[in-house]
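Have a look at the structure below before the remarks.
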There are 2 protein chains.
Amino acid sequence: MDEIDRTLLARLQQDATTPYAALGQEVGLSGAAAHERVRKLRERGVIRRTTIDVDPAAVGKGVLAYVMIEAAAWMGGPETGEALRALPWVEEAHIVAGSPSLLAKVRAKTTSELQQALKGIFDIDGVTGTQTIVVLETFFQRPVDV
Amino acid sequence: MDEIDRTLLARLQQDATTPYAALGQEVGLSGAAAHERVRKLRERGVIRRTTIDVDPAAVGKGVLAYVMIEAAAWMGGPETGEALRALPWVEEAHIVAGSPSLLAKVRAKTTSELQQALKGIFDIDGVTGTQTIVVLETFFQRPVDV
DNA sequence: GATCTTGCCGAATCAAATACATACGTGGCT
DNA sequence: AGCCACGTATGTATTTGATTCGGCAAGATC
């Protein structure tokens, strides 16, 4: 994991369709060497996958909210994760320090769909309350700084 | 934006390296037709970009926190966004309803780096306070549901 | 009914990914 | 010093897939 690898990662985060030849040039390596490094980064799991960034608004998901979830007891077990994963609106779910003890990122088409998502969360066993923070506007969103 | 487009999006979110021929087969189209649809999705901005998903832990960023930011006055202007963007630890920044009025997703290598990030946020003009929610464990994180 | 537009197909072409054989440099060992 | 062994780079095939293109069919428009 040297500076070259970091540059490759940053470059691929910007545009994963960049040809290896061009990548190599940017870091002073041959295309084949760049390819080999990227292959290893994938192998080691540094690069989890190649994906596309879909504009949520373009697919109708105009409502974003963070939901802080209050739990009766410790809800750090995998069942909790699965229960949240079963709700298609939940994009992220974390265990957090303090009370509330869970945090979920929820994206919905409308506020009434958001309400439906909240109901889904409330119905999970052990959930005693939620507090929702509605996002009005997103300044920016960017990949991990490498 | 029909069912086929949505399937293509979902498939590309899973793996953007899938050949068009395979994509086409999955939706009952030729490779060329699938290619044309994806090209248009890009053109229309539904697909923002092709990128890689980097494991934050693999690049040392082991600490994740959400920071709720209290502001003296309305801080919805672009300067606020720029000020937050200037902090490399801030991955997302949103304007939210209520007080606190801003929310930032912060990723750092260590807690002391997190502290440094918080200092950076505090130093932004108009910020009167912050409340930090530290993530202990991430259940999951997945792309927009299409 | 003539014409346009849109979306699809299959084939041809072209670019890039991948595999391969080979060199180079570095550290450890005799 | 001389000699591996290993990891990494290079340049060159070879293969794979992206991209382009002409043609065709199904509506929509007038």
Side-chain angles (χ1 to χ4, degrees), chain A residues 1-62 88 109 141-146, chain B residues 1-62 88 109 141-146:
Chain A
M1 250 314 221
D2 57 8
E3 195 48 41
I4 292 184
D5 282 338
R6 262 184 288 276
T7 307
L8 290 174
L9 288 177
R11 197 62 193 67
L12 287 172
Q13 281 179 331
Q14 285 169 34
D15 181 4
T17 69
T18 314
Y20 288 115
L23 285 177
Q25 251 190 344
E26 290 194 41
V27 296
L29 288 180
S30 71
H35 180 261
E36 177 64 8
R37 274 175 179 261
V38 173
R39 194 191 61 73
K40 281 181 185 163
L41 286 169
R42 284 184 205 283
E43 193 181 65
R44 276 186 275 152
V46 179
I47 296 177
R48 289 212 197 101
R49 61 176 169 178
T50 303
T51 184
I52 55 169
D53 180 15
V54 173
D55 180 2
V59 292
K61 298 266 189 164
K109 282 191 204 296
Q141 195 164 10
R142 61 187 176 191
V144 190
D145 173 53
V146 292
Chain B
M1 251 314 226
D2 56 7
E3 195 47 40
I4 292 183
D5 282 337
R6 263 184 286 276
T7 306
L8 290 174
L9 287 176
R11 198 61 193 65
L12 288 172
Q13 281 179 332
Q14 286 170 34
D15 181 5
T17 68
T18 314
Y20 287 115
L23 285 177
Q25 251 191 343
E26 290 194 38
V27 297
L29 289 180
S30 71
H35 179 263
E36 176 63 10
R37 275 175 178 262
V38 172
R39 194 192 61 73
K40 282 181 185 163
L41 286 168
R42 282 184 207 283
E43 193 182 64
R44 277 187 271 153
V46 178
I47 296 177
R48 289 211 197 100
R49 61 177 169 178
T50 303
T51 184
I52 55 168
D53 179 15
V54 173
D55 180 1
V59 292
K61 298 265 187 163
K109 282 190 205 297
Q141 195 164 10
R142 61 186 175 191
V144 191
D145 173 53
V146 293

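So you know, we letter chains A, B, ... as the sequences are listed, proteins then strands, and number each from 1.
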Verify the neighbour count for atom CD of Gln25(B): are there more than 12 heavy atoms of other residues, nucleotides or ligands below 6.0 Å?
no
Return the value, rounded to whole Å, for the distance between atom CG of Leu23(B) and atom P of dC9(C).
13 Å
Could you tell me whether the phosphate oxygens of dT8(D), OP1 or OP2, come under 4.0 Å of any side-chain nitrogen or oxygen in Lys40(A)?
yes
For Glu3(A) and dT8(D), give me the distance from atom CD to atom C1', rounded to whole Å.
18 Å
Could you give the OH-to-P distance, from Tyr20(B) to dA17(C), as a whole number of Å?
13 Å
Before accepting this row, confirm whether a basic side-chain N of the pair Arg44(B)/Asp55(A) lies closer than 4.0 Å to the acidic partner's carboxylate O.
no
Starting from P on dT6(C), measure out to CG on Asp2(B) and report it in whole angstrom.
16 Å
Quick one: which of dA16(C), dT19(D), dG7(C) gets closest to the side chain of Pro19(A)?
dA16(C)
By nearest-heavy-atom nucleotide on DNA chain D, the more 5' of Thr18(B) and Gly28(A) is Gly28(A)
Measure the distance from CD1 on Ile4(A) to P on dG7(D) and round it to the nearest whole Å.
18 Å
Spacing of Met1(B) atom CE relative to dG7(C) atom P, expressed in whole Å:
14 Å
Candidates Val27(A), Asp2(A), Leu9(A) - the one meeting side chain to side chain contact (heavy atoms under 4.5 Å, CB included) with Arg37(A)
Asp2(A)
Expressed as a whole number of angstroms, how long is the span from Gln25(A):CD to dT10(D):C1'?
15 Å
Test item: Arg48(A) and Pro56(B) side chains (from C-beta on) under 4.5 Å apart, heavy atoms
yes
Atom-to-atom span, CG of Leu29(B) to P of dT6(C) - whole angstrom
18 Å
Between atom CD1 of Ile47(B) and atom OG1 of Thr51(A), what is the distance when rounded to the nearest 0.5 Å?
9.5 Å
In residues 31-38 of chain B, which ones come under 4.0 Å of DNA chain C, going by heavy atoms?
Ala32(B), Ala33(B), Arg37(B)
Derivation of the salt bridge (Lys or Arg N to Asp or Glu O under 4.0 Å) call for Glu43(A) and Lys40(A):
CA-CA 5 Å; Glu43(A) 193 181 65; Lys40(A) 281 181 185 163; over 6 Å; no
Salt-bridge criterion met for Asp15(A) and Arg49(B) (N-O under 4.0 Å):
no
